[in-house]
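Reading through the C-alpha cells given below for one structure.
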Amino acid sequence: MIHAEVARDVADLTTRGVVPGLTVVLVGDDAASATYVSGKEKASRSAGMSGATIRLPATTSQAALLAVVEQLNADSTVHGILVQMPLPSQIDPDTVIRHIHPRKDVDGFHPINVGKLLIGHTDGFVSCTPAGVIELLVRSGVQTRGAEAVIIGRSNIVGKPMAALLMQGRSHADATVTVCHSRTRDLSAHTRRADILIVAAGRAEMITGDMIKPGAVVIDVGMNRVPDATRAQGTRLCGDVHFASAVKVASRITPVPGGVGPMTIAMLLKNTVRAAERSLH
Ligand code: GUN
C-alpha cells in the first residue's frame, strides 16, 4: 500500500523533471548487510527511482569513504545517501554520518536530523525503522495517545528515535514512554505494564509470552539468525520476541521476517521522495 503511494509520488516528481535518486553505500561483505542492501535496491527500483549501490571493499579507508560521501553530496541527481551500518572497524561511523549532507540524510542519522526529531521539528528526516513502527501503529488503528509504551533497546538507530517520536505532544504519539536496556532491573515489571511493547534489543526471542500484558500490541524489531537443525541451511531468522508464546497473549504482534522490515524500506523510499521534493524548492 505504501509502495503504491511512493510509486505514485515518484511518477509525479518524474513528470516534474526530477527522478528521485537514492545511492546506497555498502562497505565490506557482511552477509546480513548485503541482504538488507539488495532489498533497498529492489524496492527503490520497483518504485521507479534512480539509484545505485556503491560496493566498496572491507579494507576501504575512512578517507576514501568520506571522499565518496562528498562526491554524492555534490551530485544533484542524488537526493538520498545511505551508508549501510555496521562499518568495518577502521572507519568511525559517527564521522561518516556527520559528513552526509543533512538534506540527503534519508537514514535520519545526522545530529541535525536527530536534534530536529527530539525538539519536534518536522522538516528533518526520521530514522526509517522507528518511522515505520509509527506508520504500522497508525495504519492498524492502534491508539498511542496516553498509552504506556515500553521500548527495549536504546540504540541510535531504533530505541532513542523511537522514544523521541512516541513522546512528542501530537497525535500518533503522546504516549508515556519507558526505555529499558541491558542494565534495567526487573525487565518483566516494565514489559508487563506495556500497552505497546517495542522490542529492539538484538537478542533472539528474549521476550516471552509471560512477560506481556494480555491484549498488548507487540512490535518486534529484532532480526536474528539462530541455529536450527530442522532447516536445510541449518539456521532460521527470528525476532527478539518468542512468537509462539507471545501470539497467545498479545492482541496484535508483528512477525519476523515480514513485519517491521518491509516498513523500514518503505520509509526509506518515502524519505527519498521528500528529499527529491525539497530539491525543487
Ligand atoms: N543497519 C541496520 N539498519 C540500518 C539502517 O536503517 N540504516 C543503515 N544505514 N544501516 C543500517
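Both counts, for ligands and for their atoms, begin at 1 and track the order of listing. Residue numbers run from 1 in the order of the sequence given. Only a predicted model underlies this, so the values are computations on that prediction, with no experimental measurement involved.
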Write out the residue and atom name of the closest protein heavy atom to [atom], then the distance separating them to 0.1 Å.
atom                    : result
atom 7 (N) of ligand 1  : Asp107 OD1, 3.0 Å
atom 1 (N) of ligand 1  : Met85 O, 3.0 Å
atom 11 (C) of ligand 1 : Gln84 NE2, 3.4 Å

When only distance counts, is [X] in polar contact with ligand 1, meaning an N/O pair under 3.5 Å?
X      : result
Thr264 : no
Tyr36  : no
Ile157 : no
Pro86  : no

Cation-pi check, Arg236 to Phe243: give yes when NZ or CZ is under 6.0 Å from the six-membered ring centre and within 45° of the ring axis, no otherwise.
-> no

Of Ile196, Val217, Asp174, the one forming a side chain to side chain contact (heavy atoms under 4.5 Å, CB included) with Thr144 is Ile196

Taking Val273 as the fixed residue, which of Leu22, Asp9, Val18, Val106 is the one that meets the side chain to side chain contact (heavy atoms under 4.5 Å, CB included) rule?
-> Asp9

Any atoms of ligand 1 less than 4.0 Å from a non-hydrogen atom of Phe109? List them with their elements.
-> 5 (C), 7 (N), 8 (C), 9 (N)

Atoms of ligand 1 less than 4.0 Å from Leu82 heavy atoms?
-> 9 (N)

Can Thr129 and Thr264 be counted as having a side-chain donor-acceptor contact under 3.5 angstrom?
-> yes

Has Thr129 got any heavy atom lying under 4.0 angstrom from an atom of ligand 1?
-> no

Might you work through the side chain to side chain contact (heavy atoms under 4.5 Å, CB included) test for Ser61 and Gln90, ending with a clear yes or no?
-> CA-CA 7 Å; Ser61 68; Gln90 74 276 16; 5.7 Å; no

Candidate pair Gln62 and Asp92, rule side chain to side chain contact (heavy atoms under 4.5 Å, CB included), full reasoning = CA-CA 7 Å; Gln62 178 167 302; Asp92 173 40; 3.5 Å; yes

Full working for side chain to side chain contact (heavy atoms under 4.5 Å, CB included) between Arg55 and Asp29 | CA-CA 9 Å; Arg55 291 183 164 79; Asp29 36 33; over 6 Å; no

